[in-house]
Amino acid sequence: MYFPTYRPRRLRANAKLRAMTRETHLSVDDLIYPLFVVPGEGVRHQIASMPGVYHLSKDKLLAECKEVEALGIPAIILFGLPEAKDEAASGAFAENGVVQEAIRALKEAGSELVVITDVCLCEYMSHGHCGVVKDGQILNDVTLELLAKTAVSHAEAGADMVGPSDMMDGRVKAIRSSLDAEGYADTPIMSYAAKYASAFYGPFREAADSTPAFGDRRTYQMDVPNADEALREIQLDIEEGADIVMVKPAMAYMDVILRAKTEFGYPLAAYNVSGEYSMVKAAAGKGWIDEKRIVMEILTGIKRAGADMILTYHAKDVAGWLE
Ligand code: PBG
């Protein structure tokens with residue numbers, strides 16, 4: 001292929017030719033919308049560092065989900081902020097927990113959204129870590145039991161899929177066997193398989209009130225510079241029974257998304273996380289960037305890298321733009 005025989009500009013000459021030769025299409029079907037549910041009634045409180053994202057009580061969540069469904073977005077992922085936190089994360093698996101109640105309300109209201117739940121303990125632990133803490137250590141194996149209980153309680157409440165985000169070793173296996181034993185063999189697991197210890201989660205920790213009271217998450221979340229290790233994490237989760245694997249965050253980890261897709265050809269999600277969202281919102285708010293074009297470019301890039309689905313706080317805007 002040499003110039004002047006080959007001239008790439010020929011197929012860029014007008015919008016129709018560009019549309020015909022386009023390789024990647026972002027679709028509303030690719031989107032998963034994260035939502036934060038809180039106790040109480042009538043609460044719709046904007047998260048300061050995430051303009052357009054709210055703490056929602058159950059009643060307001062129902063209204064929000066109607067909108068989400070009307071926009072054609074297929075799925076949501078729920079995060080819960082409990083009334084009280086303790087050292088055993090008991091709010092995470094309480095039958096009347098904030099997420100469990102929200103799922104029941106959605107199902108009773110006839111919502112047809114795919115309801116995914118974030119399975120983690122950090123929002124429910126007084127110390128804000130994703131596992132049980134003893135003598136300053138985050139314990140792995142005793143945490144698995146609590147995670148499995150949490151996943152089962154979500155399934156019992158009617159969750160369509162569970163998403164473990166804790167990064168304990170062996171959690172997918174523990175959750176899969178508990179779900180199977182309790183009669184939920186058909187509930188899929190979307191595992192946060194390659195989840196990095198990232199500064200991009202900053203705004204989320206305000207949203208979920210889950211900043212660790214001491215230390216950080218580096219003993220369980222992945223070290224930023226590693227990619228071969230991400231493939232091992234993903235392979236483990238697939239072997240343990242994950243149905244969808246996730247890379248998180250997205251933008252600084254496009255290489256991992258590409259390698260994960262190429263290596264495994266498995267259903268792949270990417271999480272366009274809170275900090276990625278807030279940076280765009282802040283710059284757009286100042287008029288420094290074209291928000292719509294920037295968001296579409298970011299999400300199309302994530303998809304081009306190999307993601308089949310994208311968890312993103314931009315989902316509602318994008319669904320509107322795609323219409
Ligand atoms: C819980 C969890 C986190 C996110 C999703 N699930 C925070 C963390 O690990 O600190 C981050 C999501 C985001 O930043 O948008 N473990």
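For ligands, and for the atoms within them, numbers begin at 1 and follow the listed sequence.
- Between Phe79 and Phe204, the ring planes are perpendicular. Angles over 60° get that label, and only those under 30° would be called parallel.
- Taking distance alone, with nitrogen or oxygen atoms compared against 3.5 Å, Glu123 stays at or beyond that limit from ligand 1.
- Every atom of ligand 1 with a heavy atom of Tyr271 under 4.0 Å away is listed here by number and element: 12 (C), 15 (O).
- Applying the 4.0 Å criterion to heavy atoms of Cys130 picks out, from ligand 1, the atoms 16 (N).
- Close approach of ligand 1 to Cys122 (heavy-atom distance below 4.0 Å) involves ligand atoms 1 (C), 16 (N).
- Here Asp135 pairs with nothing under the salt bridge (Lys or Arg N to Asp or Glu O under 4.0 Å) rule; sequence neighbours left out.
- The nearest protein atom to atom 2 (C) of ligand 1, hydrogens excluded, is given as Lys195 NZ, 3.3 Å; this is a heavy-atom distance.
- In this structure, Tyr277 does not count as a contact residue of ligand 1, since none of its heavy atoms falls inside 4.0 Å of the ligand.
- A continuous path of Ile, Leu, Val, Met, Phe, Trp and Tyr side chains, each step under 4.5 Å between heavy atoms, connects Tyr54 with Val68, placing both in one hydrophobic cluster.
- More than 12 heavy atoms of other residues, nucleotides or ligands sit less than 6.0 Å from atom NZ of Lys281.
- Only side-chain heavy atoms of Asp118 come within less than 4.0 Å of ligand 1; its backbone N, CA, C and O stay farther off.
- Of all atoms in ligand 1, numbered sequentially from 1 with element shown, those under 4.0 Å from a heavy atom of Gln221 are 8 (C), 9 (O).
- With 3.5 Å as the limit, one finds a donor-acceptor pair spanning the side chains of Glu87 and Ser126.
- Residue nearest to atom 15 (O) of ligand 1, selected from Tyr220, Tyr313, Tyr201, Tyr192: Tyr313 (by heavy-atom distance).
- Assignment of Met167 to the shell around ligand 1 is not supported, since no heavy atom sits closer than 4.0 Å.
- Atoms of ligand 1 lying under 4.0 Å from at least one heavy atom of Lys248, given by number and element, are 2 (C), 3 (C), 4 (C), 5 (C), 6 (N), 11 (C), 12 (C).
- In terms of polar-atom proximity, defined here as any N/O pair under 3.5 Å, Ser210 makes no such contact with ligand 1.
- Follow the hydrophobic side-chain contacts under 4.5 Å out from Ile302 and you reach Ile289 in the same cluster.
- Nearest protein heavy-atom neighbour of atom 14 (O) of ligand 1: Ser274 OG, 2.7 Å.
- When the heavy atoms of Ser165, Ser278, Gly163 are ranked by distance to atom 1 (C) of ligand 1, first place goes to Ser165.
- Relative orientation of the Phe36 and His55 rings is perpendicular, given thresholds of 30° and 60° on the angle between their planes.
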Under the side-chain contact (heavy atoms from CB on, under 4.5 Å) rule, what do Val295 and Thr312 come out as? Steps first, then yes or no, please. CA-CA 10 Å; Val295 170; Thr312 179; 5.9 Å; no
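- Listed by chain and number, the residues in a side-chain hydrogen bond (donor to acceptor under 3.5 Å, both in side chains) with Tyr196 amount to none (sequence neighbours excluded).
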